[in-house]
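Contents: one structure, followed by commentary.
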Amino acid sequence: MAYWLIKSEPEECGLTHFIAASDQGIPWDGVRNYQARNFIRAMQPGDRVLLYHSSCQRVGIAGELRVISEPYPDPLQFDPDSRYFDAKATRVVPRWTAIDLVLASALSRLVPLVELKRMKAFKSSPLVKKGNRLSVMPLTREQWLAVEKIA
DNA sequence: GCCAACGTTGGC
DNA sequence: GCCAACGTTGGC
């Protein structure tokens with residue numbers, strides 16, 4: 001079982017969306033960055049995921065999710081009407097990958113970025129680095145436990 | 001809204 | 001294969 005963190009704009013797909021879909025989960029699609037994609041491809045059912053709210057008034061970690069599918073080809077890459085359409089992707093050789101996630105639990109409070117920056121466990125994490133744009137990243141067990149402890 | 005960081009694209 | 005231009009991300 002591995003630990004991950006994913007970023008999302010709460011307006012787009014945040015904690016409230018996962019609460020609303022808490023019985024069936026939500027496909028995590030539309031990722032168009034190779035490094036993030038490669039992390040998605042390494043995910044397995046049962047993996048634990050922290051949901052981070054980005055580009056909003058209160059940036060920080062809002063909830064815990066769980067992976068409930070194997071990685072699969074992101075259907076949006078084949079849809080010409082989607083903003084995530086990719087003309088260079090084929091059914092035989094898909095380029096982008098999606099995964100299904102379900103809410104495990106909302107944190108008792110939002111753990112803000114400023115607080116993460118102070119935590120020893122996140123000292124070297126790309127999450128707290130200025131200019132970081134990685135939207136999917138692995139977490140160490142230490143980082144996961146550190147968040148659970150203070151949430 | 002601003003700006004820094006960084007990935008992608010395309011000309012050469 | 002280099003690198004400038006451009007677009008996007010994301011904190012503030």
Side-chain angles (χ1 to χ4, degrees), chain A residues 2-21 25-43 47-67 71-140 142-151:
Chain A
Y3 300 98
W4 309 92
L5 180 142
I6 60 169
K7 290 184 198 169
S8 179
E9 300 185 14
E11 311 296 319
E12 285 290 316
C13 186
L15 183 62
T16 55
H17 298 81
F18 278 99
I19 290 173
I26 293 178
W28 198 255
D29 49 25
V31 172
R32 294 295 179 268
N33 169 281
Y34 285 105
Q35 205 178 349
R37 180 205 68 180
N38 292 342
F39 287 134
I40 290 174
R41 287 183 175 177
M43 290 183 180
D47 282 2
R48 315 286 294 274
V49 180
L50 291 180
L51 177 65
Y52 176 90
H53 285 174
S54 67
S55 299
C56 58
Q57 289 201 343
R58 298 172 67 229
V59 293
I61 299 170
E64 293 181 16
L65 312 175
R66 191 180 302 272
V67 177
Y72 58 93
D74 181 346
L76 301 182
Q77 69 194 305
F78 308 123
D79 178 3
D81 295 327
S82 171
R83 60 180 287 217
Y84 297 112
F85 177 69
D86 186 339
K88 291 177 180 169
T90 66
R91 302 268 175 186
V92 179
V93 188
R95 181 175 292 199
W96 305 110
T97 306
I99 199 132
D100 294 342
L101 300 170
V102 72
L103 182 70
S105 65
L107 297 190
S108 62
R109 68 183 181 96
L110 182 121
V111 178
L113 178 60
V114 281
E115 200 166 328
L116 295 167
K117 284 179 176 173
R118 289 200 300 265
M119 292 165 63
K120 192 181 163 192
F122 283 89
K123 201 79 178 174
S124 61
S125 169
L127 183 65
V128 301
K129 295 256 165 60
K130 187 180 178 183
N132 166 53
R133 294 165 61 189
L134 189 58
S135 62
V136 179
M137 69 188 77
L139 292 177
T140 64
E142 182 196 12
Q143 288 167 337
W144 177 275
L145 293 174
V147 171
E148 289 233 307
K149 193 175 175 185
I150 61 162

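These numbers come from the heavy atoms of this one structure, side chains and all, not from hydrogens, waters or symmetry mates. Throughout, protein chains are lettered first and strands after them, A, B, ... in sequence-line order, and every chain is numbered starting at 1.
Partner A/W4 forms a side chain to side chain contact (heavy atoms under 4.5 Å, CB included) with one of A/V49, A/L101, A/I40 and no other, that one being A/V49.
For A/F18, the ring pair (Phe, Tyr, Trp, His ring centres under 6.0 Å) test picks out no residue, with sequence neighbours left out.
Using a 4.0 Å cut-off on heavy atoms, none of the residues of residues 87-101 of chain A approach DNA chain C.
Distance, A/E11 CD to C/dG10 P: 15 Å, rounded to whole Å.
For residues 93-104 of chain A, every residue pair satisfying the side-chain hydrogen bond (donor to acceptor under 3.5 Å, both in side chains) rule, not counting sequence neighbours, is listed here: A/Y34-A/R95, A/R41-A/T97, A/Y72-A/D100, A/D86-A/W96.
With rounding to the nearest 0.5 angstrom, the CZ atom of A/F122 is 9.0 Å from the CD atom of A/E142. Distance check: A/Q77 CD to A/T90 OG1 gives 8.5 Å after rounding to the nearest 0.5 Å. The distance from atom OG of A/S135 to atom CD of A/E9, rounded to the nearest 0.5 Å, is 11.0 Å. Taken to the nearest 0.5 Å, the NE2 atom of A/H53 stands 5.0 Å off from the CG atom of A/L15. The distance from atom CG of A/L5 to atom CG of A/L139, rounded to the nearest 0.5 Å, is 5.0 Å.
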Show me, pair by pair, the donor-acceptor contacts under 3.5 angstrom made by side chains of residues 105-114 of chain A, not counting sequence neighbours?
| from | atom 1 | to | atom 2 | distance (Å) |
| --- | --- | --- | --- | --- |
| A/S108 | OG | A/A151 | O | 3.3 |
| A/R109 | NE | A/I150 | O | 3.0 |
| A/R109 | NH1 | A/E115 | OE1 | 3.2 |
| A/R109 | NH2 | A/E115 | OE2 | 2.6 |
| A/R109 | NH2 | A/I150 | O | 2.8 |

Pairwise N/O distances under 3.5 Å, protein to nucleotides 3-5 of chain C:
none

Which atoms of nucleotides 7-9 of chain C (N or O only) lie under 3.5 Å from a protein N or O atom, and what are those distances?
| from | atom 1 | to | atom 2 | distance (Å) |
| --- | --- | --- | --- | --- |
| C/dG7 | N2 | A/R133 | NH1 | 3.2 |
| C/dG7 | N2 | A/R133 | NH2 | 3.3 |
| C/dT8 | O2 | A/R133 | NH2 | 3.1 |
| C/dT9 | O4' | A/R133 | NE | 3.4 |

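At least one donor-acceptor pair closer than 3.5 Å links the side chain of A/N132 to the backbone N or O of A/P126.
Within the 4.0 angstrom heavy-atom criterion, no nucleotide atom of any strand lies near A/K129.
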